[in-house]
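I have a structure here, written as C-alpha cells, and I will follow up with some questions on it.
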Amino acid sequence: MSAGNVSAAATVAASPPSAPLGRLAARGALLTMSGQACKILLQFGGIVVLARLLSPGDYGLLAMVTAIVGIGEVLRDFGLSSAAVQAPSVSAAQRSNLFWINSAIGLLLALAVFAAAPAIAAFYGQPALQPIAQALAPTFLLNGFATQFRAQLNRDMRFGRLAVAEVGGQAFGLAAGVTLALRGHGHWALVAQQLGQALATLLLLAVTSGWRPGLPSRGADMGAFLRYGSNLMGTQLVVYASRNIDALLIGQRFGAELLGLYNRAYQLLMLPLNQINVPATSIALPVLSRLNDDPARYARFLLHGQSVMLHATVAIFAFACAQAEPLIVLVLGPQWAAAVPIFQILAAGGAFQVAAQASYWVFLSKGLTGSNLRFTLVSRVLLIAGIVFGAQWGTQGVATAYSLGVALAWLGGLVWLRGSGAPVAAMGGNALRAMLAYGLCGLASAALSLTWASSLGGRLAVGAGTMLAAFLLLLALWPAFRRSVTDVLRSRSLLRAA
C-alpha cells in the first residue's frame, strides 16, 4: 500500500482500536519519561562537571561554530523523520529510500561544513574555529545514517529501545568529553563529546531497531514524504535561525567569553525544555495522528499532554528563575555568576515556549505543515528582528528580545489555529493558569529567601521550602489549578481513556 498523501495522514489513516492505542501511549509515556530522567541526570551531571573543568571561552568557541553549522542538522533531517512517523503506512522500499536520502544529505553536509570551515573562522576572526568545524563535520553523516532508525522505533512506538539508544549514546559522549577535559584539552573535550555521542547513538539505534535498509528503489512513491518533509524543513530552518541568531550576534560582536556565558544560560534553560518537548512530541504525534477523526478524544489527549508538559517544566523554570544566583554559583562555580541575569530573563520566555509546543503538535498531527511554515515565517522573522534590535544592549538585551518574541509567537499561534478544530481557548487557559500559579510560587520563593537567609545555601533551602508551601496553598485555594494537577497525577489512566 502506498503512503498516499502524508499531509492528510490523520484523515485517511485507519485508527487502531482505542484500548491498544491507549496502552501503547501510557506505556510509551512511562518508558520515554524514564529514559528522559536518565538523560537529564546525565546532561546535568555533564554540565556541572565540564563547567568546572572548562572556561566560558571554551564553550563560546564551540557555540560560535554550532550557531552556523547547526543549521545543517535541519537540512540533514529534511523533515523526513516526522514524515515517516506520521504516514499511515510505509513500505519497505519507501523506508529504505528515506534512509538513503537522509544519508546522502548527511554526506553532502559533512563535505560542505569541512570546506566552509575557513570561512567560519574568518567570519568571527577566530582561527581556532577552523579545526573545530572540520572535526565536527562527520557528525552530519553519522546523524544522517541514524535518522530513519530513530524514526522506525518511534513509528513502532518502541520507546524503551529508543530511550536505551539515546541514553547510551549520551553517556558515551559525556565520558569522552570528561576524559579529554580532565587531561586539559579545553574546547576539544566538547568536540569529543559531540562526536562520541553521535557515533554511539547510531550504533545503538541500528542494533535496537532490528531493521536494515535495502537498496534504493525507483519504483517507490516518495512524493508525499518529500512534500511533507520539505514544508516541515522550511519551518524548522526559520525556527533554527530565530533560535541561533542571538548566539551569532553575540559571538561576532562580543567574543567567545560573553557568548560562553550566554550559551550556558541558554543551555540550562533548554535542558528541561528539550528533555520534555522532544519525547512528548515522539509520543503525541503518532497518537494524535490516529485520533484526528475523533475531535473529543483528540482534544482530551492534546490538553492532557500540554498540562503534563506545563506542570513539569514551568514549575522548574519558576524555581530556577527565583533561585538563579545560588543555583548557578553553587552548581557551576563563581566564574559563571555573570550568567545569572541572562538566565532569569530567558526562563520567562521558556515558559511560553513550553506552552507553544501544543500548537506545534496540532500543526503536525493535522498535516498542516504548509500553514505551519507560513506562520513560522511571520512570527520568527519578527523574533529575529527583535533580537537584532535588542543586541544594542548586549547579552541581556538579546535575552529580553528573545523572551518577548517567544511570548508573542505563542499567542499568535493560538490565533492562527482558530479554524483548525483544535481547542485553542482551552490550550490558552491551560498555559495561563500554569504560568500564573508557578509564577506566584516563584515570586514568593525569591522574596522570602532574600529576606530570611544571607548565605547562598540558606537562600536555596528557604526558597525551596517556600516554593512548596506556596504550591500547596494554591492547591487548597484554587479549584481549577487543583483539578489540573490531579489530572496530571492520573496520567496513566487518562492516557488509556484518550
Side-chain angles (χ1 to χ4, degrees), residues 34-67 70 128 132 135-136 139 163-201 204 247 256-276 278-279 313 316-317 319-321 323-340 342-344 346-347 350 456-457 459-461 464:
S34 298
Q36 291 308 112
C38 294
K39 290 177 69 176
I40 288 175
L41 289 174
L42 279 172
Q43 285 196 1
F44 186 71
I47 287 174
V48 172
V49 173
L50 291 174
R52 291 184 174 273
L53 295 173
L54 304 175
S55 69
D58 292 327
Y59 281 98
L61 288 173
L62 191 75
M64 286 177 173
V65 175
T66 54
I132 295 176
L136 289 173
T139 59
V164 168
E166 292 183 340
V167 170
Q170 186 172 305
F172 183 86
L174 177 58
V178 171
T179 300
L180 265 68
L182 288 170
R183 295 181 178 179
H185 291 288
H187 59 265
W188 286 108
L190 301 173
V191 175
Q193 183 182 16
Q194 299 287 323
L195 287 168
Q197 182 171 337
L199 177 60
T201 301
L204 289 169
E257 191 78 12
L258 281 179
L259 177 56
L261 291 168
Y262 183 91
N263 177 260
R264 283 302 84 192
Y266 186 78
Q267 290 305 316
L268 285 171
L269 170 77
M270 297 304 292
L271 174 61
L273 199 60
N274 286 340
Q275 299 308 322
I276 297 295
V278 173
T313 53
I316 295 173
F317 288 158
F319 178 72
C321 181
Q323 302 300 325
E325 184 178 3
L327 282 173
I328 289 177
V329 173
L330 291 176
V331 174
L332 300 186
Q335 72 270 30
W336 297 94
V340 169
I342 301 171
F343 174 79
Q344 290 175 316
L346 290 174
L456 292 178
R459 284 170 54 185
L460 198 58

Over all atoms of both residues, closest heavy-atom pair of L332 and A51
CD2-CB, 3.7 Å
In this structure, are over 12 heavy atoms from other groups packed under 6.0 Å from R183 atom CZ?
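Open: at most 12 neighbouring heavy atoms sit under 6.0 Å from CZ of R183.
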Between CE of M64 and OH of Y59, what distance do you get to the nearest 0.5 Å?
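One finds 16.0 Å between CE of M64 and OH of Y59.
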How many angstroms lie between atom CG of L54 and atom NE2 of H185, to the nearest 0.5 angstrom?
11.5 Å
T139 side-chain N/O to L136 backbone N/O, donor-acceptor pair under 3.5 Å
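Yes; judged by distance alone, with no hydrogens or angles, the pair exists.
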Minimum heavy-atom separation for A265 and I342, please, with both atom names.
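So the minimum-distance heavy-atom pair works out to CB-CG2, 3.8 Å.
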Please report the closest heavy-atom contact between W188 and A135, naming both atoms and the distance.
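The pair with the smallest heavy-atom distance is CZ3-CB, 3.7 Å.
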Closest contact, heavy atoms only, A247 versus A67
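Where A247 meets A67 most closely, the heavy atoms are CB-CB, 4.0 Å.
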Any chance you could lay out the side-chain contact (heavy atoms from CB on, under 4.5 Å) test for I328 and L268, step after step, and finish with the verdict?
CA-CA 9 Å; I328 289 177; L268 285 171; 4.1 Å; yes
Determine whether F319 and L460 satisfy the following criterion, side-chain contact (heavy atoms from CB on, under 4.5 Å), listing intermediate values before the conclusion.
CA-CA 10 Å; F319 178 72; L460 198 58; 4.1 Å; yes
If I take atom CG from residue L190 and atom CG from residue L180, how far apart are they, to the nearest 0.5 angstrom?
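One gets 10.0 Å once the value is rounded to the nearest 0.5 Å.
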Reported CG-to-CD distance for the pair L204 and Q170, which is rounded to 0.5 angstrom:
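Rounded to the nearest 0.5 Å, the CG-CD separation comes out at 12.5 Å.
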Contact summary for L259 and G60, nearest pair of heavy atoms:
CD2-O, 3.5 Å
Reference residue W336; test side chain to side chain contact (heavy atoms under 4.5 Å, CB included); the match among V329, L261, V331:
L261
I'd like to know if the side chain of Q344 reaches the main chain of C321, judged simply by a donor and an acceptor atom lying under 3.5 Å from each other, with no hydrogens or angles considered.
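Yes, because the side chain of Q344 sits within donor-acceptor range (under 3.5 Å) of the backbone of C321.
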Please examine the side chains of L62 and N263, heavy atoms only from C-beta on, and report whether any two atoms are closer than 4.5 Å.
no
Could you give the distance from CG (L61) to OG1 (T66), rounded to the nearest 0.5 Å?
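Atom-to-atom, L61:CG and T66:OG1 are 10.5 Å apart.
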Work out which heavy atom in R459 is nearest to a heavy atom in Q323; give both atom names and the distance.
O-OE1, 3.3 Å
Apply side-chain contact (heavy atoms from CB on, under 4.5 Å) to the pair L174 and V178, showing each step before the final yes or no.
CA-CA 6 Å; L174 177 58; V178 171; 3.8 Å; yes
Hey, what do you get for OH (Y262) to CZ (F343), rounding to the nearest 0.5 Å?
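Between atom OH of Y262 and atom CZ of F343 there are 12.5 Å.
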Step by step, work out the side-chain contact (heavy atoms from CB on, under 4.5 Å) result for F172 and Q197.
CA-CA 6 Å; F172 183 86; Q197 182 171 337; over 6 Å; no
Min side-chain heavy-atom separation I132-H187 under 4.5 Å:
yes
